[in-house]
Every structure is written in structure tokens, then in C-alpha cells.
Amino acid sequence: MIRPFALSVLALTACAEPYVTTAMGGDFSSADIELNGGGWAWWLTDDGTDEAVDPARLQLRFTGATTIDPVLDYRYVNSAIRTEAAADWARAPRLTLDVRAFLDGKQLEANEEYTKVHIDPDPTLHVGRSSGLTPGAELPGNENMVGSRHEYVLQLSNVSMEAGDVLTGKFNWKVQRKDDGTDPAGVMTGEMAFNFSVPVVSERVAHCNEVTHFGVAYDHFRDWPCEGLE
């Protein structure tokens, strides 16, 4: 059992609308990270091979992007809407989780704690891009790096694989430097806590949107996982 993180957010069980609430500590509290703009979930059951992904892998997305409607197939919307969504996704902070219970081969269940042995690879954090970069900025546009020693706990209070339903739960993530000193100077460390109730989105639409970068990568419009959606 991983010890509880000190950082926490209040549960909002009375809220019927989708929500993502966050609390940040350490370097994350002052960094350009606002991840409560929105979120969604989808389940990976098909990775483009002949073998089904079983059990299905939960994909969680938390983002500061406020212009994205995750249920849209962005190949078929106005080009201006595509461009805006793609830019928002690229510039806004986001946290992505790929969760698979590969130790016991069981589908994810409510009220179970899932930790580092279930979430593979480690969560991916993209820090928001600043619009105030100066010509003398060091490596403008470079991603902020986070420490490579991670502890995290995901607990779902409601689990559904049906598109149109909601998935609720909480996620705590603690980031530290490696003890062996191999992390470069200046990596971000601290804690993040999320409470969320997010919509479950169709696998093919969600996956296709990411592969096509929300409709602006035209060369992938007819490739898997987008093929068959016409």
C-alpha cells in the first residue's frame, strides 16, 4: 500500500456535470499548469493488430484546453474549428494516463487502488506553453522536465466502458528526483491531486482525433484507427 499523499482535493459527489478539480504542490503549484479545463476517458480494445486488447486499457486525458469537444470526429468539422482545437491541444497543459491491470489480467474495477504496476508507461505531463516567450529565452518551446521517480494511485468510484456514460474517481501523483542523482538540474518535483467525473468517449473517435491531431493531419484520415468511421 502506498502511503497517502499529503495533497488532496475535496470530493464533489453532488455534482452531476462532468468536472476535473485539481490541487498542486511543490514546483507544480507555481508552474504554468491548469489541468481542470476538461477531461475525458476512452478504452483501448483494438491496437491495430489481429489480437484484441484484453483487458481493455483505460485512457484518461486531463487538459487545460477549453475548446475541445471530445465526442466530435474532427475530420468532419469546419477547418477553423479543427485548427483551433489542434492549437489548444498543443499549447495547453495536459496529463495522459494509459492504465492496464496487467498483473492479474482483470478488467479495472471500482474502489480498487491502481498504482505503478498497473499504469504503464508513467503518466505523461505536458506543461502549458507560455505566450510571453522572449527572443533571449533559453530553448524557447522546450518542454519542462519532471523528476523521474514517481508514485501514484488511481481509484475509480464508477467504472463504465459505454460511450456516453461517465467515469469518476481520483488520481494522486507524487514526483521526486532519482536518488542516484541522474536527473538533470531543474527538473520539476511535487504533487498533483485530481478528482474527476469525465465522459466516456467512443474509442475509435477518440483515438482517431489524437492520431489526426484533431483533424489537421490529413494524411491519417483514412488510416487505422480512422478507417471504417466514414
Side-chain angles (χ1 to χ4, degrees), residues 18-22 24 27-44 47-48 57-99 119 121-148 150 171 173 175 184 186-188 190 192 194 196 198-226 229:
Y19 60 82
V20 179
T21 61
T22 63
M24 305 287 178
D27 294 333
F28 301 117
S29 60
S30 58
D32 184 13
I33 300 178
E34 292 291 340
L35 289 162
N36 52 6
W40 59 90
W42 57 279
W43 296 83
L44 182 68
D47 62 1
R57 283 163 38 189
L58 173 63
Q59 308 294 308
L60 274 174
R61 306 292 184 255
F62 303 126
T63 177
T66 58
T67 63
I68 294 175
D69 183 346
V71 304
L72 290 182
D73 184 339
Y74 273 86
R75 295 174 302 160
Y76 298 104
V77 300
N78 181 280
S79 60
I81 297 175
R82 289 184 215 157
T83 301
E84 182 181 33
D88 206 9
W89 176 253
R91 292 172 181 163
R94 67 180 183 268
L95 180 69
T96 64
L97 289 170
D98 180 355
V99 188
I119 300 173
D122 282 336
T124 300
L125 174 70
H126 296 266
V127 178
R129 302 297 198 186
S130 171
S131 59
L133 290 173
T134 63
E138 182 179 358
L139 296 177
N142 192 41
E143 290 284 0
N144 291 41
M145 294 182 64
V146 301
S148 53
H150 300 165
F171 175 67
W173 185 21
V175 180
V187 294
M188 300 172 67
M192 292 184 237
F194 299 79
F196 59 88
V198 295
V200 179
V201 180
S202 160
E203 172 186 10
R204 296 292 293 279
V205 169
H207 204 174
C208 181
N209 280 339
E210 292 190 14
V211 167
T212 63
H213 200 67
F214 293 91
V216 299
Y218 302 106
D219 52 328
H220 294 302
F221 269 30
R222 294 188 181 276
D223 297 339
W224 180 91
C226 304
L229 286 176

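Keep in mind that what you see is a predicted model, and the values were worked out from it rather than measured. Sequence positions, counted from 1, serve as the residue numbers for this chain.
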Asks: What are the two closest heavy atoms between Trp89 and Arg61, and how far apart are they?
Replies: CH2-CD, 4.2 Å
Asks: Which distance, rounded to the nearest 0.5 Å, do you find between the OG1 of Thr66 and the CD of Glu34?
Replies: 11.5 Å
Asks: Check salt bridge (Lys or Arg N to Asp or Glu O under 4.0 Å) between Asp98 and all other residues, then give those that pass, not counting sequence neighbours.
Replies: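 Residues passing salt bridge (Lys or Arg N to Asp or Glu O under 4.0 Å) with Asp98: Arg57.
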Asks: What's the spacing between Thr21 OG1 and Leu35 CG if we round to 0.5 Å?
Replies: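 If we round to the nearest 0.5 Å, Thr21:OG1 and Leu35:CG are 11.5 Å apart.
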Asks: Would you say the side chain of Cys226 lies within less than 4.5 Å of the side chain of Thr212, judging by non-hydrogen atoms?
Replies: yes
Asks: For side-chain contact (heavy atoms from CB on, under 4.5 Å), just list the numbers for Phe214 and Asp88, CA-CA rounded to whole Å, side-chain angles, deciding distance to a tenth of an Å, and then say yes or no.
Replies: CA-CA 10 Å; Phe214 293 91; Asp88 206 9; over 6 Å; no
Asks: Using every non-hydrogen atom in the two residues, find where Leu58 and Ala41 come nearest and quote the distance to one decimal.
Replies: CD1-CB, 4.0 Å
Asks: Of the non-hydrogen atoms in Leu95 and Pro123, which two are nearest, and what is the gap between them?
Replies: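 What the structure gives for the nearest pair is CD1-CB, 4.0 Å.
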Asks: Angle class for the Trp224/His207 ring planes (parallel below 30°, perpendicular above 60°, tilted otherwise)?
Replies: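 Correct class here is perpendicular.
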Asks: Name all residues meeting the salt bridge (Lys or Arg N to Asp or Glu O under 4.0 Å) criterion together with Glu203; count only those two or more places apart in sequence or in a different chain, and write none if there are none.
Replies: none
Asks: Heavy atoms only: give me the nearest Val205-Leu72 pair and the separation to one decimal.
Replies: CG1-O, 3.4 Å
Asks: Counting C-beta onward and ignoring hydrogens, is there a side-chain heavy-atom pair between Val211 and Pro225 closer than 4.5 Å?
Replies: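 Answer yes - side chains close enough.
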Asks: Quick one: pull up CD1 in Ile119 and CG in Asp122 and give me the separation to the nearest 0.5 Å.
Replies: 9.0 Å
Asks: Provide the closest heavy-atom pair for Arg82 versus Arg75 in the form atom of the first, atom of the second, distance.
Replies: NH2-O, 3.2 Å
Asks: CG/Asp73 to CG/Asn209 distance, rounded to the nearest 0.5 angstrom?
Replies: 6.0 Å
Asks: Applying side-chain contact (heavy atoms from CB on, under 4.5 Å), run through Tyr74 and Ile68 and close with a yes or a no.
Replies: CA-CA 10 Å; Tyr74 273 86; Ile68 294 175; 4.1 Å; yes
Asks: How long is the span from the NE2 atom in His126 to the OG1 atom in Thr63, to the nearest 0.5 Å?
Replies: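 The distance works out to 10.0 Å.
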Asks: What heavy-atom pair brings Phe171 and Leu97 nearest, and what distance separates the two atoms?
Replies: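 That would be CZ-CD2, 3.8 Å.
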Asks: Applying ring pair (Phe, Tyr, Trp, His ring centres under 6.0 Å), can you list everything that pairs with Trp43, at least two apart in sequence or on another chain?
Replies: none
Asks: Quick check for you: to the nearest 0.5 Å, what is the distance between Leu125 atom CG and Phe62 atom CZ?
Replies: 12.0 Å
